[in-house]
Trainee: 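What follows is a structure written as structure tokens; I'll ask about it next.
Computed over heavy atoms, backbone and side chain alike; hydrogens, waters and symmetry mates excluded.
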Amino acid sequence: MTKSRNKYLKPFKNIFVLIIAVFAVWMIFFDANSWLIHNELNSDINELEDEKDFYKNEIVKDKKAIKELSTEEGIEKLAREKYYMKKENEDIYIIEYQDSIAKVKKNE
């Protein structure tokens with residue numbers, strides 16, 4: 001039993017191996033620039049890059065909407081479709097299809 005235990009502890013009797021082992025443990029777990037902190041920061045960077053891509057796509061969509069609204073026809077189309085506005089002496093009929101009507105519960 002003592003021989004097998006002694007076999008595993010023999011490298012740690014050398015002062016250089018002991019110092020390197022302590023230094024490695026310190027750098028991986030306890031240092032201000034440890035591997036654990038770097039790993040966490042890398043995951044934060046990846047999340048921020050995903051968020052950046054999302055906002056770039058939103059900017060493209062908004063630029064397209066602004067371009068459509070920069071003309072008179074675009075403004076009129078938006079006003080008619082979204083806000084149900086009309087010109088004078090004009091009637092608007094809203095047509096709802098059966099699938100677009102909200103279902104009413106029988107109990108209510």
Side-chain angles (χ1 to χ4, degrees):
M1 186 73 128
T2 58
K3 276 190 170 184
S4 65
R5 182 180 282 177
N6 206 9
K7 181 173 80 171
Y8 295 116
L9 295 177
K10 189 174 182 181
F12 290 104
K13 289 183 180 179
N14 187 344
I15 189 74
F16 297 111
V17 173
L18 186 63
I19 289 174
I20 289 173
V22 169
F23 178 74
V25 168
W26 179 265
M27 292 304 291
I28 291 173
F29 297 108
F30 301 114
D31 191 43
N33 299 318
S34 72
W35 177 79
L36 298 173
I37 292 174
H38 276 283
N39 205 12
E40 183 179 328
L41 292 175
N42 285 338
S43 67
D44 288 345
I45 288 171
N46 291 336
E47 289 175 10
L48 289 172
E49 285 176 349
D50 292 341
E51 193 173 321
K52 178 181 162 185
D53 292 337
F54 170 76
Y55 285 121
K56 279 186 178 181
N57 291 335
E58 290 296 314
I59 288 172
V60 169
K61 288 180 190 176
D62 290 343
K63 283 184 180 179
K64 184 179 176 185
I66 289 171
K67 187 176 179 182
E68 288 176 2
L69 292 174
S70 65
T71 63
E72 280 294 320
E73 294 85 22
I75 293 173
E76 184 177 344
K77 181 180 176 185
L78 177 76
R80 287 175 175 272
E81 291 178 1
K82 189 168 183 178
Y83 298 108
Y84 305 118
M85 293 184 171
K86 63 177 186 150
K87 294 181 181 177
E88 286 186 35
N89 300 325
E90 185 178 61
D91 293 330
I92 294 180
Y93 297 100
I94 300 172
I95 300 172
E96 292 184 357
Y97 294 103
Q98 191 65 27
D99 356 346
S100 65
I101 299 174
K103 306 231 180 208
V104 180
K105 291 183 181 179
K106 292 181 181 179
N107 295 340
E108 293 180 3

Trainee: Please report the interatomic distance CD(Glu51) to CD(Glu47), rounded to the nearest 0.5 Å.
Mentor: 8.5 Å
Trainee: If two hydrophobic side chains count as joined below 4.5 Å and joins carry through other members, does Phe23 share a cluster with Trp26?
Mentor: yes
Trainee: Hey, could you give me the OH/CG distance between Tyr55 and Asp62, rounded to the nearest 0.5 Å?
Mentor: 11.5 Å
Trainee: Mind listing the closest non-hydrogen atom pair of Leu36 and Phe29 along with its distance?
Mentor: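 Between these two residues, the closest heavy atoms are CD1-CD2, 3.7 Å.
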Trainee: State whether the number of non-hydrogen atoms from other residues, nucleotides or ligands found under 6.0 Å of Lys77 atom NZ is greater than 12.
Mentor: no
Trainee: Does atom CD of Glu90 have more than 12 heavy-atom neighbours from other groups under 6.0 Å away?
Mentor: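 Count over threshold, so yes.
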Trainee: Using 4.0 Å as the upper bound for N to carboxylate O, is an ion pair formed by Lys52 and Glu49?
Mentor: no
Trainee: To the nearest 0.5 Å, what is the distance between CD (Glu40) and CG (Asp44)?
Mentor: 6.0 Å
Trainee: Could you walk me through whether Arg80 and Lys87 pass the side chain to side chain contact (heavy atoms under 4.5 Å, CB included) check?
Mentor: CA-CA 9 Å; Arg80 287 175 175 272; Lys87 294 181 181 177; 3.4 Å; yes
Trainee: Could you pull out the closest heavy-atom pair between Gly74 and Leu69, with the gap in Å?
Mentor: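 Nearest heavy atoms, Gly74 then Leu69: O-CD2, 3.7 Å.
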Trainee: When rounded to the nearest 0.5 angstrom, what is the spacing between CD1 in Ile20 and CZ in Phe16?
Mentor: 8.5 Å
Trainee: State the NZ-CD distance between Lys86 and Glu76, to the nearest 0.5 angstrom.
Mentor: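 If I round to the nearest 0.5 Å, the distance is 14.0 Å.
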Trainee: Heavy atoms, side chains only, cut-off 4.5 Å: are Val60 and Lys64 in contact?
Mentor: no
Trainee: So, taking the atom named CG in Leu41 and the one named CG in Asn33, what distance separates them when rounded to the nearest 0.5 Å?
Mentor: 9.0 Å
Trainee: Hey, any chance Ile15 and Val22 share a hydrophobic cluster, counting ILVMFWY side chains that come within less than 4.5 Å of each other, even indirectly?
Mentor: no
